[in-house]
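Take a look at the structure below.
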2 protein chains.
Amino acid sequence: MDNRARIIEVAVKLFASRGYDGVGVKELAEEAGVTKPTLYHYFGNKKGLLEELLAEKFSRINNLVKEATRYNHDLPFTLNRLVATYFNFAKNNRIFYRMQLAMAFAPVDSESNKAVSKYIKEQYEMVEDLFIQAAEDHGNMKGRHQAYAATLLGMINTYIALSLRGDRELNDELLYQAVHQFMHGIYS
Amino acid sequence: MDNRARIIEVAVKLFASRGYDGVGVKELAEEAGVTKPTLYHYFGNKKGLLEELLAEKFSRINNLVKEATRYNHDLPFTLNRLVATYFNFAKNNRIFYRMQLAMAFAPVDSESNKAVSKYIKEQYEMVEDLFIQAAEDHGNMKGRHQAYAATLLGMINTYIALSLRGDRELNDELLYQAVHQFMHGIYS
DNA sequence: AACCTATTATACCGTTCGGTATAGGAGATG
DNA sequence: CATCTCCTATACCGAACGGTATAATAGGTT
């Protein structure tokens with residue numbers, strides 16, 4: 001792993017545990033086994049490091065979400081695939097997911113939220129699109145695509161947050177339970 | 001409003017918009033029309049300000065949640081009352097709710113998350129208790145109280161977050177839709 | 001051999017950080 | 001009048017902040 005990649009990995013780790021504002025450039029460089037000028041050589045400034053980090057990591061998950069939200073007129077199947085995509089990504093990128101989640105809920109005027117919001121919005125819109133298409137097959141869902149997208153992503157992130165705290169494991173059983181609850185509620 | 005109260009209001013406002021780490025004590029004092037020594041006179045240090053602020057505000061919402069989660073063997077009624085409690089509190093304390101939400105998702109090793117987590121946990125446990133009691137009346141819900149508490153609170157916060165972004169208004173219609181979706185899913 | 005890029009080591013910049021020391025003023029209470 | 005509490009004004013502290021300048025070194029490319 002070269003220096004650039006190592007700096008990014010260290011940044012994800014430290015931002016995830018103490019936040020973007022809570023970690024200094026000096027510590028980032030030291031932890032990556034690199035000097036400050038080297039860090040500035042690659043990323044220009046602290047914000048640049050954050051942005052390049054997010055661009056790289058989000059390009060992966062957002063591509064996966066794009067594939068998973070392809071609607072084939074079988075909504076249960078698509079929802080299962082989508083939730084599975086998130087669960088798998090979160091399992092394989094625990095630290096990044098924790099970091100990204102904190103930034104998604106960070107104050108609106110903070111640098112980290114500004115940097116992350118466009119990628120979150122992309123995901124949001126892909127899921128909305130899915131429900132708009134599905135509503136053509138299920139009339140009673142019409143006009144609720146925004147609420148469905150929000151609550152599905154909210155539920156996904158709720159379960160992932162549980163797993164990040166160690167309360168639950170993101171396995172097939174939980175996946176089934178999540179999708180079933182989303183589709184049919186708690187009675188059944 | 002006296003100085004102490006004004007400092008707290010200013011702190012909520014600034015922490016909500018730029019985060020605990022993103023706001024300095026100097027700015028807090030200036031914005032409250034007070035000098036730094038005055039701020040330190042009341043709160044000892046920055047962390048003390050945060051803790052006293054949270055203690056005051058959370059004692060209100062957590063008491064409301066305690067009342068709302070009193071189970072009377074009518075789960076739909078209780079859920080409606082609980083969600084209404086959250087929606088009303090969020091409507092009347094928008095800025096605080098935004099701040100608290102950011103801190104709830106902040107990195108685990110950040111001061112703001114440490115300070116806020118015990119209050120969140122209290123809420124969580126009250127809602128879990130509700131579902132444990134309800135499971136005695138609805139056998140098929142047994143053993144899922146943790147997941148139900150997490151997803152209900154997740155959904156509540158999702159809708160409140162939507163309203164804080166201006167996408168939705170927290171009215172009776174949305175309240176009905178949220179509870180209905182939680183109980184019966186998106187099909188129906 | 002000359003050159004280029006990546007990188008080091010070190011030292012520095014101005015600013016802001018959280019926090020404190022000192023001395024004194026204003027208003028109510030005794 | 002004296003005292004007490006609250007508060008101001010100002011100035012300071014050491015440490016950390018983000019960021020830069022300089023000069024030198026090592027390794028691969030032409």
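Proteins come first, then strands; the chains are lettered A, B, ... in the order of their sequence lines, and each starts at number 1. Given the structure is predicted, the values throughout are model-derived calculations rather than measurements.
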> With distance as the sole criterion, is a donor-acceptor pair present between the side chains of Gln181(B) and Thr151(A) under 3.5 Å?
Replying inline: yes

>> What is the separation between atom CG on Asn3(B) and atom P on dG27(C), rounded to the nearest whole Å?
In response: 14 Å

> If you measure only the distance, is there a donor-acceptor pair under 3.5 Å linking the side chains of Asp137(A) and Tyr71(A)?
Replying inline: yes

> Are a donor atom and an acceptor atom from the side chains of Asn3(B) and Thr38(B) found within less than 3.5 Å of each other?
Replying inline: no

>> On the nucleotide dT8(D), are OP1 or OP2 found under 4.0 Å from the side-chain N or O atoms that Thr38(B) carries?
In response: yes

Do any N or O atoms of the protein come closer than 3.5 Å to N or O atoms of nucleotides 17-21 of chain C, and which pairs are they?
from: dG18(C); atom 1: OP1; to: Lys46(B); atom 2: NZ; distance (Å): 2.7
from: dG18(C); atom 1: OP2; to: Val25(B); atom 2: N; distance (Å): 2.8
from: dG19(C); atom 1: OP2; to: Tyr40(B); atom 2: OH; distance (Å): 3.2
from: dG19(C); atom 1: OP2; to: Lys46(B); atom 2: N; distance (Å): 2.9
from: dG19(C); atom 1: N7; to: Lys36(B); atom 2: NZ; distance (Å): 2.6
from: dG19(C); atom 1: O6; to: Lys36(B); atom 2: NZ; distance (Å): 2.3

> Do any side-chain nitrogens or oxygens of Thr35(B) fall under 4.0 Å of OP1 or OP2 in dA9(D)?
Replying inline: no

>> Using whole Å, what does the distance between atom C1' of nucleotide dC17(D) and atom CD of Glu111(A) come to?
In response: 13 Å

>> Test of understanding: with ring pair (Phe, Tyr, Trp, His ring centres under 6.0 Å), list the residues that count as partners of Tyr97(B), not counting sequence neighbours.
In response: none

> Over how many whole Å does the gap from Glu30(B) atom CD to dT10(D) atom C1' extend?
Replying inline: 14 Å

> Hey, does Gly48(A) reach any base, or is it just sugar-phosphate, or nothing, if we go heavy atoms under 4.0 Å?
Replying inline: nothing

>> Whole angstroms only, please: what is the CZ-C1' distance between Arg6(B) and dC6(D)?
In response: 13 Å

> Between Phe58(A) and Phe96(A), what is the ring plane arrangement, given parallel below 30°, perpendicular above 60°, and tilted in between?
Replying inline: perpendicular

> Just how far, in rounded Å, is P of dG18(D) from NE2 of His41(A)?
Replying inline: 20 Å

> Where the side chain of Arg144(B) meets the backbone of Phe131(B), is there a donor-acceptor pair that is under 3.5 Å apart?
Replying inline: no

